[in-house]
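Everything on this sheet refers to the single structure shown next.
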Amino acid sequence: MSIDDVALRPVAEDDLPVIERFLTDPETAAPFQWFGWWDTGRWRRRWAENGLLGDDGGHLMVVSGTERLGFVAWRKVRPTPTSSYWNMGIALLTEARGRGVGTEAQRQLVRYLLAHTTVVRIEADTEVENVAEQRALEKAGFTREGVLRSVAFRDGQWRDGVRYSILRGDLV
């Protein structure tokens, strides 16, 4: 597989077990996305409601041909009553990591969101220790904005995060 084969597509019902692995299997979510046991039915309920594509956010599968590699997600953030932007993230299966898939999938999600919504800003956050994700975001065109101290609680301790953003005008 090459990164040229990476694509995003809507989540199908038979994709849900792949997404649910991130809530039920610590090894799939490790090392940065395991937050303990959570409601595994939430994605099924939301899929039944709107196919995981709504006005305030959504999920798309990351695939290469018929191989499911993980998913991307975004949610609307409303800092004021008159403005909003997207916050996005990615979760890849272990076997898809370290091959440029994350960079390409996030690049495609940015293009998709800017083509189909009017937002000017898209942001992404990751833990300070997640250097691979920081590199992927930078390769996808994001700018590092700064460190958020003690922003996420995982594995018994508070963790610092790094915020990145890309603006509509940043794309050439």
Side-chain angles (χ1 to χ4, degrees), residues 3-12 15-16 18-19 22-23 29 32-33 35 38-39 42-64 68-92 96-97 100-128 130-154 159-172:
I3 60 168
D4 295 333
D5 299 326
V6 173
L8 304 179
R9 65 161 172 76
V11 176
D15 296 324
L16 293 174
V18 174
I19 293 175
F22 290 93
L23 296 176
F32 298 106
Q33 291 296 315
F35 299 100
W38 289 91
D39 175 12
R42 71 179 178 175
W43 282 322
R44 285 189 183 275
R45 289 189 300 275
R46 283 164 60 202
W47 187 87
E49 178 184 318
N50 65 12
L52 295 177
L53 294 171
D55 294 337
D56 290 332
H59 293 70
L60 294 172
M61 290 301 294
V62 179
V63 298
S64 177
R68 297 172 183 116
L69 306 174
F71 66 93
V72 291
W74 65 98
R75 65 179 176 81
K76 189 173 280 185
V77 178
R78 294 186 188 276
T80 71
T82 59
S83 62
S84 66
Y85 59 87
W86 297 117
N87 181 287
M88 61 176 263
I90 189 168
L92 292 177
R97 298 176 193 162
V101 171
T103 299
E104 180 57 24
Q106 291 175 113
R107 190 178 289 135
Q108 288 182 29
L109 181 58
V110 166
R111 286 194 302 258
Y112 173 80
L113 293 173
L114 293 178
H116 299 287
T117 70
T118 60
V119 299
V120 174
R121 173 187 174 83
I122 301 170
E123 69 179 26
D125 301 305
T126 191
E127 286 188 19
V128 167
N130 194 346
V131 176
E133 173 61 359
Q134 291 174 51
R135 279 195 304 260
L137 288 167
E138 289 167 1
K139 288 178 186 176
F142 283 76
T143 299
R144 182 182 174 120
E145 292 187 334
V147 173
L148 306 169
R149 299 181 314 150
S150 294
V151 72
F153 188 80
R154 182 183 56 76
R159 315 264 176 174
D160 291 349
V162 182
R163 173 147 302 156
Y164 283 83
S165 73
I166 190 165
L167 304 178
R168 188 175 289 275
D170 292 343
L171 299 179
V172 224

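All values below were derived from every heavy atom in this structure, side-chain atoms included, with hydrogens, water molecules and symmetry-related copies excluded.
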Any side-chain heavy-atom pair of [X] and [Y] under 4.5 Å:
| X | Y | value |
| --- | --- | --- |
| L148 | D125 | yes |
| L52 | I19 | yes |
| F71 | V11 | no |
| V72 | M88 | no |
| R144 | L137 | no |
| V62 | Q108 | no |
| R163 | V151 | no |

Backbone of [Y] reached by a side-chain donor or acceptor of [X] within 3.5 Å:
| X | Y | answer |
| --- | --- | --- |
| R107 | G141 | no |
| E104 | G100 | no |
| R159 | V128 | no |
| R75 | D56 | no |

Could you grab the distance from atom [atom1] of [X] to atom [atom2] of [Y], nearest 0.5 Å is fine?
| X | Y | atom1 | atom2 | answer |
| --- | --- | --- | --- | --- |
| W74 | H59 | CH2 | NE2 | 8.5 Å |
| T103 | E138 | OG1 | CD | 10.0 Å |
| R168 | T117 | CZ | OG1 | 6.0 Å |
| L23 | Q33 | CG | CD | 10.0 Å |
| F142 | L167 | CZ | CG | 10.0 Å |

side-chain hydrogen bond (donor to acceptor under 3.5 Å, both in side chains) involving T126 - partner list, sequence neighbours excluded: N130
Please enumerate all residues that pass side-chain hydrogen bond (donor to acceptor under 3.5 Å, both in side chains) together with E127, with sequence neighbours excluded.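 Listed in chain order: R154.
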Can you give me the closest heavy-atom contact between [X] and [Y], atom names plus distance?
| X | Y | result |
| --- | --- | --- |
| P10 | D15 | O-OD2, 4.0 Å |
| D160 | S150 | OD1-N, 2.7 Å |
| L8 | A105 | CD1-O, 3.8 Å |
| V119 | S84 | CG1-O, 4.0 Å |

Check each of L171, T143, L114 against I166 using the side-chain contact (heavy atoms from CB on, under 4.5 Å) test, and report the only one that passes. L171
Ring centroids only, cut at 6.0 angstrom: are W43 and F22 within range, meaning strictly under it? no
Above 12 or not: heavy atoms from other molecules or residues under 6.0 Å from CG of D55?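 Count not over threshold, so no.
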Passing candidate, side-chain hydrogen bond (donor to acceptor under 3.5 Å, both in side chains) with N87, options E123, K76, R121: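 Single pass found, and it is E123.
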